[in-house]
Amino acid sequence: MTNREIALLLRKVAGSYIVKDEKKFHFQIRAYQKAADSIENATIELKDLWDEGKLNSIPGIGASLTAHLDELFKTGRVKHFEDIIKSLPKALFILMGISGIGPKTAYKLATILKLSEKNAVSDLEKAISQHRVRIIEGFGEKSEEELLKSIDDYKKGQTKENRMLLPLAIAIAQEVLIYLRQNKAVIRADPLGSLRRMVTTVGDIDIAVATENPKEVIEHFANYPHAKRVLGKGELASSRIILSSGRQVDLLVQSEKSYGALLQHFTGSKFHNIALRELALKKGLSLSEYGIKKDGKLIEYRTEEDFYRAVGLPWIPPEIREDTGEIEAAANENLPNLVTIKDIKGDQQIHSDFPIEPSHDLGNSSMEEILNMAKSLKYEYVGFSEHNPSVSKHTDKQIIDLLKRRNEKVEKLRLNNKDVRIINLLEVDIIANGDLALKNDALKLLDGVIASVHTGFDQSRSDMTNRIINALKNPYVRFLGHPTGRLLNQREGYEADWDAIFSVCKEFDKALEINAYPDRLDLPDFLVRKAVENNVKLIINTDSHDVSQMTLMSYGVAVARRGWATKHDIVNTMGYNDFIKWIHIRKGVI
DNA sequence: GCCGTTTTCGGCCCGACTGTTTTCAGTCG
């Protein structure tokens, strides 16, 4: 069962409680909803945590839910949940998936219209067209119209399940910002929410505007040419639109003198804000997007720094605002000094077009083009790391010859390039039994080796763990490429015992890659945090197959920051002399 | 149902917008 499915199940339980008696079950409902949010946010599969007996490391999962989830993973069902859900019409849970329909509306429609589970949506549509909804108490003509639009979106699959990768979210936000800034009433405009926190995928785009004329800005926003539908348009503070692409954009506005409070509020995360507000309450302060109320009097804040200071905390970097210990760390003046893009001294996974006849994709760009780009990015050094020559198509001797020819090319480039030093690497397949695709007498021709899994993803957890550990123990291997193998929105990562891998990394001084390519972002932030806590070294690379992709480094840095990494955790923040010493370390077992 | 640097019991964030309801409930973030 995936995290999404588990979250959905918990929302069904929460929805059932709301229908049954919202007041009586108020805090259970909140607990279930919080757990569902938390599980959806988690960057690790719950099933993996369950395997390790660490379910309660997810905030919002306590003793009771741990027991229920234990039952779920063991038997595929939870009796307690089924007891709560079974007395309610099944169509209710279908309708809850439609935007604008909550549990109470869904219950009313499902029972009064006697909707079946199978045809819930189409029967509801039919009832609306026959004007049988507007006569229900609490509904009217307008609610029929809104329902139809929401059903339309639902049928097109434009629900929130479809999360965007960061580059797309940034591109959409930039377009909206350019449009917003055309209006003179806009003093400042910033993308906030999960985009500002650089979460690996983004649901809605959130944008804040500072203005002294909210009505005008909201009107301008709602008239955005790419808006297909206006979901909401308030008089004083907010608006929401759906673009023709189906993506939702939310706007919040605030006067300039309160903009600090809005930046804080709208950046989130929700959990961070709730925890911050609970802390503030203990100090007699009530926080909101307008400012801070003390003794009933509102104080406004222009900047986020001032806002946090008023709560008694230093400013907290957006990437770690997830209520996973950052508020406590801030209170103790113990926040990590997070790595920045300027700390990165060289990208170490780049595929050139050198004709090495590889096992996987060759790059598009020449070594010379890569060096030029490295220079413009102000790198001290850069690593060439094509895939190993295909083993099935070459003899051992042919492979050695190919590597020697590549070495000659690298040596020639080294003579002519003094600005950027070259690290001579290769990305080598870890084959199913844990051996590397190339033999050591080939590997010794290189400065170091990246070991990566590219095949046999469906191995068992223990087989995969042993496979990776075996590869890491090869003395020429310096780091593990895209360690979990995940592809965002396409493929789950493979399962492995990360604690075991961490201890091997420490013992033999190996690093784990944070692959910055936006479809990967692998290691995931959750595992970066665990690696950092275990003093395991990391390396951030773009895995570029074209020079243009070398600019994607900032996405990897964001993942590192979300995992609380400082520059001391990242080996490619070292200067060349230290880095080349590190890459030449040869620890392992033959 | 969760959680703890004043607590293992007694608390639990704060607000906007919409539609229909004449005072507010439901949904959303």
Side-chain angles (χ1 to χ4, degrees), chain A residues 10 13-15 17-19 22-38 56 58-69 80-81 84 95-96 98-109 133-147 150 160 192-194 203-206 208 214 218 222 230-240 248-254 261-262 264-283 285-293 298 311 323 327-329 331-332 334:
Chain A
L10 296 184
V13 177
Y17 274 137
I18 290 174
V19 172
E22 190 172 11
K23 285 215 170 71
K24 179 176 165 193
F25 297 113
H26 182 250
F27 291 107
Q28 277 98 325
I29 293 163
R30 278 198 40 188
Y32 274 86
Q33 285 173 336
K34 179 180 170 167
D37 285 348
S38 190
N56 57 5
I58 298 274
I61 297 187
S64 171
L65 278 175
T66 297
H68 291 324
L69 292 176
H80 177 63
F81 294 173
I84 296 166
L95 297 189
M96 268 174 59
I98 298 173
S99 150
I101 299 186
K104 293 194 174 181
T105 308
Y107 179 73
K108 228 182 202 180
L109 292 170
V133 171
R134 63 176 65 177
I135 54 173
I136 301 173
E137 195 187 350
F139 293 85
E141 226 174 295
K142 282 206 171 171
S143 25
E144 278 189 345
E145 274 174 40
E146 284 303 305
L147 278 174
S150 298
K160 290 179 181 166
L192 303 178
S194 49
D204 302 338
I205 309 272
D206 296 321
I218 289 167
V230 178
L231 281 181
K233 189 175 75 155
E235 288 285 310
L236 49 120
S238 72
S239 175
R240 295 184 296 150
Q248 184 172 325
V249 186
D250 293 355
L251 173 81
L252 280 186
V253 306
Q254 188 66 267
L262 181 61
Q264 197 289 317
H265 166 77
F266 210 18
T267 297
S269 69
K270 191 163 90 178
F271 301 140
H272 174 83
N273 286 358
I274 290 174
L276 193 68
R277 285 167 183 194
E278 283 174 351
L279 173 74
L281 270 183
K282 289 176 188 157
K283 302 181 179 185
L285 306 171
S286 171
L287 313 185
S288 78
E289 61 266 48
Y290 292 94
I292 300 181
K293 263 190 218 159
L298 183 76
V311 190
D323 189 26
I327 291 176
E328 294 79 358
N332 296 327
N334 205 13

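Note that the coordinates shown come from a computational prediction; the quantities given were computed from them, not determined experimentally. Letters A, B, ... are given to chains in the order of the sequence lines, protein chains preceding strands, and every chain is numbered from 1.
Heavy atoms only, all atoms of each residue included: A:Leu192 and A:Ala208 are closest at CD1-CB, 3.3 Å.
A:Ser99 has no side-chain polar atom (N or O) that falls below the 4.0 Å cut-off from OP1 or OP2 of B:dT27.
The residue from A:Glu146, A:Arg134, A:Lys108, A:Glu144 that alone fulfils the side-chain contact (heavy atoms from CB on, under 4.5 Å) condition with A:Phe139 is A:Lys108.
For A:Ile205 and B:dG29, the CD1 to C1' distance is 15 Å, given to the nearest whole Å. Taking atom OH of A:Tyr32 as the reference point, atom C1' of B:dC2 lies 11 Å away to the nearest angstrom. Straight-line distance from the CZ atom of A:Arg240 to the P atom of B:dC17: 11 Å, rounded to whole Å. Between A:Lys34 atom NZ and B:dC2 atom P the separation is 11 Å, expressed in whole Å. Regarding A:Lys282, its NZ atom lies at a distance of 7 Å from the P atom of B:dT6, rounded to whole Å. We find that CD of A:Gln28 is positioned 10 Å from C1' of B:dC2, with the value rounded to whole Å. For the pair A:Asp323 CG and B:dC3 C1', the interatomic distance rounds to 11 Å; values are reported in whole Å. Rounded to an integer number of Å, the gap from NZ of A:Lys108 to P of B:dA25 is 12 Å.
Nucleotide B:dT7 carries a syn base; the chi torsion (O4'-C1'-N9-C4 or O4'-C1'-N1-C2) is within 90° of 0.
Using cut-offs of 30° and 60° on the angle between ring planes, the pair A:Tyr32 and A:Phe81 is perpendicular.
Taking the nucleotide of DNA chain B with the nearest heavy atom to each of A:Gly138 and A:Thr66, the more 5' of the two is matched to A:Thr66. Of the two residues near DNA chain B, A:Leu65 and A:Gly102, the one whose nearest nucleotide lies more 5' is A:Leu65.
At a threshold of 4.0 angstrom between heavy atoms, the contacts of A:Asn332 with the nucleic acid are absent. Residue A:Ile29 is classed as having no contact, given no heavy-atom separation below 4.0 Å to the nucleic acid. Residue contacts for A:Gln33: at a heavy-atom cut-off of 4.0 Å it reaches no nucleic acid atom on any strand shown. Here A:His272 lies out of heavy-atom contact (under 4.0 Å) with every strand.
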Using a 4.0 Å heavy-atom cut-off, write out nucleotides 10-16 of chain B from 5' to 3' as B (base contacted by protein), S (sugar-phosphate only) or - (no contact).
--BBBSS
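A donor-acceptor distance shorter than 3.5 angstrom exists from the side chain of A:Ser150 to the backbone of A:Ser99, with no hydrogens or angles considered.
Side-chain contact check for A:Asn334 and A:Glu328: no donor-acceptor pair (N or O, by modelled atom type) lies under 3.5 Å.
Under the Watson-Crick and G-U wobble criteria, each requiring two contacts below 3.5 Å, nucleotide B:dC24 is paired to B:dG19.
The closest side-chain heavy-atom distance from A:Ile61 to A:Thr66 is below 4.5 Å.
The gap from the C1' atom of B:dT8 to that of B:dC2 amounts to 12 Å, rounded to the nearest Å.
Atoms CG and CG, from A:Leu95 and A:Leu147 in turn, are 9.0 Å apart once rounded to the nearest 0.5 Å. Taking CG from A:Leu231 and CG from A:Asp204, the interatomic distance works out to 9.0 Å, rounded to the nearest 0.5 Å.
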